[in-house]
*Asks:* 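Attaching a single structure in C-alpha cells format; questions to follow.
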Amino acid sequence: MLEQLGSAGSSQHTGLTEKSHVASSIPLPKLENATRGKVITRFPPEPSGYPHIGHAKAAIIDEYYARMYDGRFILRFDDTNPLNEKLEYYEAFTLALEWLNIRPDIIKNTSDDIELLYDYGRKLVLNGDAYVCTCNQQKIHDLRSKGIECDCRKRPTSDTRNIDNFFDGRFNQNEAIIRFKGSMADQNTAMRDPTLFRIINGHHPKLGDKYRIWPTYDFAAPIEDSLDGVSHAFRTKEYELRNALYFAILERLGLRKPNMIEFSRLEFNGLPVSKRKIKPLIENDIIKSWDDPRLPTLAAMKRRGFIPGAIRRFVLSLGMTLAETKPPFESLEAFNRKLIEPESIRLFFVKDPVEIMIQNSSAREIRLKNHPNIDLGTRRIKVSDSIYISKEDAIRLRAGNEVRLIEMYNIRIVEIKTEGTKLTILASWSGDNIRPDIPKIQWVAKNDDRQFEILVPKELYLGDIYNVNSLEVWKGLAESYVTHLKPDSKVQFVRMGFCRIEGANSAIFTHK
RNA sequence: GCUCCGGUGGUGUAGUCCGGUUAAGCAUUUCGCCCUCUCAAGGCGACGAUCCCGGGUUCAAAUCCCGGCCGGAGCACCA
C-alpha cells in the first residue's frame with residue numbers, strides 16, 4: 001500500500017477548470033484542485049487482454065497530468081477476477097507502456113491489497129453498510145429491477161454469523177455475496193445494493209489458489225484510489241453512473257475522496273476495440289496473432305509503423321471531451337507521417353513488375369539519394385539494359401510516350417508487347433535531363449531486384465461485418481538495398497507510401 | 001422502459017461554467033498554387049458551421065432558462 005496523501009479535494013464530481021489564457025500552449029485543460037507536486041494519477045487496466053489504442057488514450061492522459069503537475073503516475077493492475085487475468089497480459093501492458101515512453105513511478109496490483117480490501121469489507125458489514133446476501137442471482141436481479149429489498153438485507157447487523165462464514169470460506173461459489181447497502185429504490189441502478197465481494201474458484205496469476213473471495217471493481221477501485229493517494233482519477237464515461245457508488249463507499253468508510261473525471265472512449269470507424277469483436281477473430285484463427293496489423297492493439301500499431309510520439313500527439317489532440325465520436329484515423333496518420341517523414345529513406349518498389357528493355361542505354365552505376373531534401377545518405381545501383389516498372393504504370397504507357405525513370409534518365413516507349421497476360425516493353429534512352437513535363441516513375445534494375453511483398457491492412461470491419469479483404473498483399477520487386485535495412489525501419493516506397501520493414505523481403509504498409 | 005451523459009464546418013476538437021472586442025480558432029480531409037527527379041514533407045490559399053431544433057430572458061446567446069428531437073451509456077456474483 002502507498003502512503004496516503006492529504007485531502008486532494010472532496011467534491012463529488014469536479015470536472016476540469018476552464019481553459020485559461022495560457023491554455024493555448026497546453027493541449028489539455030488544467031485540472032481543478034490540482035497543486036504542483038501533489039497530483040497523483042493512475043492507469044488501472046485489468047490484465048485480461050492486450051492493450052489497445054483505447055488504453056493508450058487513458059494511459060497518456062493519466063501520465064500527461066501527472067507530469068504536468070510534477071506529480072506521480074501509478075500503473076495499477078486491477079486484477080480482481082482470477083477468471084480473466086493472465087500473466088501474459090500483465091506483461092503486455094508493461095511492454096506497451098514502455099513502448100509509449102510512459103514510465104510509471106509505481107507499479108502495483110489491486111490483488112496485492114486483497115487482505116486489506118477484506119478488512120474494509122468486514123468493516124462495512126459490521127457497520128451495517130453492507131451485508132451478506134444468499135439470494136440466488138435471478139432473485140437478486142428481479143428485486144433489483146423492482147427496487148425491492150431482500151430478507152438478507154433486513155437481518156440485524158448484530159447477527160455476524162454470515163459475515164464470519166463468508167470470510168472464513170464456508171460458502172461456495174454462487175452461494176453468497178457481500179452487497180453494499182445502497183438504496184434499492186434509487187433511480188441510479190448502480191446504487192441498488194451492488195456486489196462488493198463474490199466467491200470465485202479460479203487460479204489467479206499472482207496469488208494462485210490461496211483466495212476464493214474477490215472484491216469487485218466497484219469496491220476495489222475507490223479504495224485503491226483513495227489509499228494510493230490518487231488525487232485525480234480518470235475513467236471513461238460509461239462509468240459515470242458509478243460515481244455515486246464510488247463516493248458512497250469512500251464516505252461510509254471515512255476515506256479521502258479523489259477528484260473524478262471522465263472522458264470518452266477512443267475507437268475508430270472500421271477498427272473496433274471491443275473484445276467482443278476482436279477475440280472471435282483470434283479464436284477462430286481468422287487472425288493469427290495479437291499484433292496482426294489490422295488490429296487496434298498497440299502491438300499491432302507498432303508493427304504497422306506507428307510511433308509513440310504520433311499516438312501521443314493524436315490522443316492529446318482529442319481533448320477531454322465527453323462527446324462520443326469516432327475520430328478520423330487519417331488524423332493519426334497525419335501525425336505519424338510528419339514524424340517519420342524526415343527519417344524515412346526513399347526506396348523503389350514496383351508492384352506487379354513489368355520488364356522494360358532499353359535499347360540504346362549503356363550499363364551504368366547510378367547513385368540515388370535516400371531522401372529528397374534531408375541528408376540520409378545515398379545508395380548505388382548497377383543498371384543494365386533491363387529494368388522493371390510497376391504494372392499500374394506500365395498499362396498507362398503508349399508507344400511514343402516519354403517518361404522519366406526517377407533519379408536516372410528519360411526513356412521513350414518504342415513498343416508494347418503482350419503475350420497472354422505478360423507485358424513486355426521496349427524503350428529507348430531519350431535524355432538525361434530532368435524534364436518537368438513528363439511523368440516520373442520508380443523502377444527497379446534487373447539483377448538488383450529482390451522479391452518483396454507489402455502487407456496492406458484495410459478496415460477490419462465494414463459496419464458490423466468482418467471485412468474478408470481486410471489484408472491486401474502487394475507482391476513485387478524492391479531494390480536489393482531493402483535487404484540491408486533493419487527490421488522496424490521506416491521507409492517510404494516512392495509513390496506508394498510509408499512502410500515499416502518487417503524482414504528482408506516484407507514490409508507493412510503504414511499509410512500513404 | 002427508467003436514469004444519466006452528450007449534440008460546434010465531411011471528420012475530430014477550441015470556445016460554453018463568468019453571454020458581447022471572433023457570427024466562430026486549430027487540426028484533419030478535399031481542391032488549387034509554390035517548391036520538388038514521388039501521389040511524401042514543407043510554404044501559401046480555397047471550399048466548408050444560420051454553433052441539433054423551437055421558444056424565452058437580454059441592448060446582446062454557440063454561451064443563461066424552458067420544451068423537443070437525435071445519439072450514446074448504465075441497469076452483472078466483468079472491468
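Every chain is numbered from 1 and lettered A, B, ... according to where its sequence line falls, protein lines coming before strand lines.
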*Asks:* If pairing requires Watson-Crick or G-U wobble contacts with both distances under 3.5 Å, which nucleotide is the partner of B/rA23?
*Replies:* none

*Asks:* Partner of B/rA73 by Watson-Crick or G-U wobble geometry, both contacts under 3.5 Å, or none?
*Replies:* B/rU3

*Asks:* Please state how far atom NZ in A/K279 lies from atom C1' in B/rA79, giving the value in whole angstrom units.
*Replies:* 12 Å

*Asks:* With C1' as the reference atom in both, quote the distance from B/rC64 to B/rU30 in angstrom, rounded to an integer.
*Replies:* 38 Å

*Asks:* Answer with base, sugar-phosphate or nothing: what part of the nucleic acid does A/S48 contact at a heavy-atom distance below 4.0 Å?
*Replies:* nothing

*Asks:* Using the P atom as the reference point in each nucleotide, state the distance between B/rG6 and B/rG15 in Å, no decimals.
*Replies:* 14 Å

*Asks:* Looking only at atom types and distance, does a side-chain atom of A/Q173 sit under 3.5 Å from a main-chain N or O of A/N201, one as donor and one as acceptor?
*Replies:* yes

*Asks:* State whether A/D432 and A/R364 are salt-bridged, where the test is any N-O pair (Lys NZ or Arg NE/NH1/NH2 against Asp/Glu carboxylate O) under 4.0 Å.
*Replies:* yes

*Asks:* Residues two or more places apart in sequence or in another chain: which of them pass ring-ring contact (aromatic ring centres under 6.0 Å, His included) with A/Y481?
*Replies:* none

*Asks:* Given atom CG of A/D218 and atom P of B/rA76, what is their separation to the nearest angstrom?
*Replies:* 11 Å

*Asks:* When we call it a touch if two heavy atoms are under 4.0 Å apart, what does A/K369 touch: a base, just sugar-phosphate, or nothing?
*Replies:* nothing

*Asks:* Contact class for A/L318 vs. all strands (heavy atom < 4.0 Å): base, sugar-phosphate, or nothing?
*Replies:* sugar-phosphate

*Asks:* Counting the atoms with a prime plus P, OP1 and OP2 as sugar-phosphate, which does A/N188 contact under 4.0 Å by heavy atoms, base, sugar-phosphate, or nothing?
*Replies:* nothing

*Asks:* Quick one: A/K146 NZ to B/rC2 C1', roughly how many Å, whole number?
*Replies:* 16 Å

*Asks:* So which nucleotide does B/rC18 pair with, by the Watson-Crick or G-U wobble rule with both distances under 3.5 Å?
*Replies:* none

*Asks:* With a cut-off of 6.0 Å (strictly less than), are more than 12 heavy atoms of other residues, nucleotides or ligands near NZ of A/K391?
*Replies:* no

*Asks:* Is the charged tip of A/R379 near the ring of A/F348: under 6.0 Å from the six-membered ring centre and within 45° of its axis?
*Replies:* yes

*Asks:* Flag the pair A/K108 and A/E224 as a salt bridge only when some basic side-chain nitrogen lies within less than 4.0 angstrom of an acidic carboxylate oxygen.
*Replies:* yes

*Asks:* Between B/rU13 and A/T325, is there an OP1 or OP2 to side-chain N/O distance shorter than 4.0 Å?
*Replies:* yes

*Asks:* How close or far is atom P of B/rA79 from atom NE2 of A/H204, stated in whole angstroms?
*Replies:* 11 Å

*Asks:* Between A/A176 and A/S264, just flag the one whose closest nucleotide in RNA chain B comes earlier from the 5' side.
*Replies:* A/S264

*Asks:* Using a cut-off of strictly less than 4.0 Å between a heavy atom of the residue and any atom of RNA chain B, enumerate the qualifying residues of residues 306-317 of chain A by number.
*Replies:* A/S317

*Asks:* Could you encode protein contacts along nucleotides 68-73 of chain B as a string, one character per nucleotide from 5' to 3', using B for base contact, S for sugar-phosphate-only contact and - for no contact, with a heavy-atom cut-off of under 4.0 Å?
*Replies:* ---BSS

*Asks:* For residues 263-272 of chain A, tabulate all N or O donor-acceptor pairs below 3.5 Å that involve a side-chain atom, not counting sequence neighbours.
*Replies:*
residue, atom, partner, partner atom, Å
A/S264, OG, A/T321, O, 3.3
A/S264, OG, A/A323, O, 3.2
A/R265, NH1, A/E238, OE2, 3.0
A/E267, OE2, A/V273, N, 2.8

*Asks:* Mind checking the C1' distance from B/rA62 to B/rU22? Whole angstroms is fine.
*Replies:* 12 Å

*Asks:* Ion pair present between A/R153 and A/D193, side-chain N to carboxylate O less than 4.0 angstrom?
*Replies:* yes

*Asks:* Please give, in whole Å, the distance from B/rC75 P to A/R192 CZ?
*Replies:* 12 Å

*Asks:* Using a strict cut-off of less than 4.0 Å between a Lys/Arg side-chain nitrogen and an Asp/Glu carboxylate oxygen, indicate whether A/R346 and A/E341 qualify as a salt bridge.
*Replies:* yes

*Asks:* State which of B/rU28, B/rA79, B/rC2 makes the closest approach to the side chain of A/Q187.
*Replies:* B/rC2

*Asks:* Starting from the C-alpha separation in whole Å, work towards a yes-or-no answer on side-chain contact (heavy atoms from CB on, under 4.5 Å) for A/Y50 and A/I278.
*Replies:* CA-CA 11 Å; A/Y50 283 87; A/I278 303 298; over 6 Å; no

*Asks:* Ion pair present between A/R170 and A/D164, side-chain N to carboxylate O less than 4.0 angstrom?
*Replies:* no

*Asks:* Let me see the working for A/K206 and A/L87 under side-chain contact (heavy atoms from CB on, under 4.5 Å), right down to the final yes or no.
*Replies:* CA-CA 8 Å; A/K206 295 285 181 187; A/L87 225 37; 4.1 Å; yes

*Asks:* Using purine N1 to pyrimidine N3 plus N6-O4 or O6-N4 for Watson-Crick, or N1-O2 and O6-N3 for G-U wobble, each under 3.5 Å, what pairs with B/rU57?
*Replies:* none

*Asks:* Check every atom of B/rC77, B/rA79, B/rU28 against the side chain of A/I140 and return the nucleotide holding the closest atom.
*Replies:* B/rC77

*Asks:* Using the P atom as the point on both nucleotides, what is the distance between B/rC31 and B/rC53, in whole Å?
*Replies:* 30 Å

*Asks:* If you look only at distance, which donor and acceptor atoms sit under 3.5 Å apart when one is on a side chain in residues 406-413 of chain A and the other is two or more places apart or in another chain?
*Replies:*
residue, atom, partner, partner atom, Å
A/E407, OE2, A/K369, N, 3.4
A/N410, OD1, A/R404, NH1, 2.9
A/N410, ND2, A/N433, O, 2.8
A/R412, NH1, A/G400, O, 3.1
A/R412, NH2, A/E402, OE1, 3.3

*Asks:* Using whole Å, what does the distance between atom P of nucleotide B/rC5 and atom CE of A/M320 come to?
*Replies:* 17 Å

*Asks:* Heavy atoms under 4.0 Å, any strand shown: does A/A334 hit a base, just sugar-phosphate, or nothing?
*Replies:* sugar-phosphate

*Asks:* So which nucleotide does B/rA49 pair with, by the Watson-Crick or G-U wobble rule with both distances under 3.5 Å?
*Replies:* none

*Asks:* Any side-chain N or O of A/R212 less than 4.0 Å from the OP1 or OP2 oxygen of B/rC77?
*Replies:* no

*Asks:* Output the single nucleotide from B/rA76, B/rA14, B/rC78 whose closest atom is nearest the side chain of A/T321.
*Replies:* B/rA14

*Asks:* Give a yes or no on whether a salt bridge exists between A/K257 and A/E251, defined as a side-chain N under 4.0 angstrom from a carboxylate O.
*Replies:* yes

*Asks:* If we call it a pair only when both distances are under 3.5 Å in a Watson-Crick or G-U wobble match, what pairs with B/rG32?
*Replies:* B/rC44

*Asks:* In whole angstrom, what separates A/L266's CG from B/rU13's P?
*Replies:* 10 Å

*Asks:* How long is the line joining CG of A/D186 and P of B/rC4, in whole Å?
*Replies:* 11 Å

*Asks:* I need a per-nucleotide contact map over nucleotides 30-46 of chain B, read 5' to 3'. Cutoff is protein heavy atoms under 4.0 Å; write B for the base, S for backbone only, - otherwise.
*Replies:* -------BBBBBS----

*Asks:* When the P atoms of B/rU57 and B/rG74 are compared, how many Å lie between them, rounded to an integer?
*Replies:* 40 Å

*Asks:* Please pick, from B/rA79, B/rC77, B/rU11, the nucleotide with the shortest atom-to-atom distance to any side-chain atom of A/R144.
*Replies:* B/rC77

*Asks:* Indicate yes or no: does A/R500 engage A/D488 in a salt bridge with an N to O separation below 4.0 Å.
*Replies:* yes

*Asks:* Describe the nucleic acid contact of A/T80 in one word from base, sugar-phosphate, nothing, applying a heavy-atom distance below 4.0 Å.
*Replies:* sugar-phosphate

*Asks:* Expressed as a whole number of Å, how far does the P atom of B/rG67 sit from that of B/rC4?
*Replies:* 12 Å

*Asks:* Using atom C1' in both nucleotides, what's the gap between B/rC78 and B/rU16 to the nearest angstrom?
*Replies:* 36 Å

*Asks:* Can you check the distance between B/rG68 and B/rA76, where both ends of the measurement are the C1' atom (answer in whole Å)?
*Replies:* 34 Å

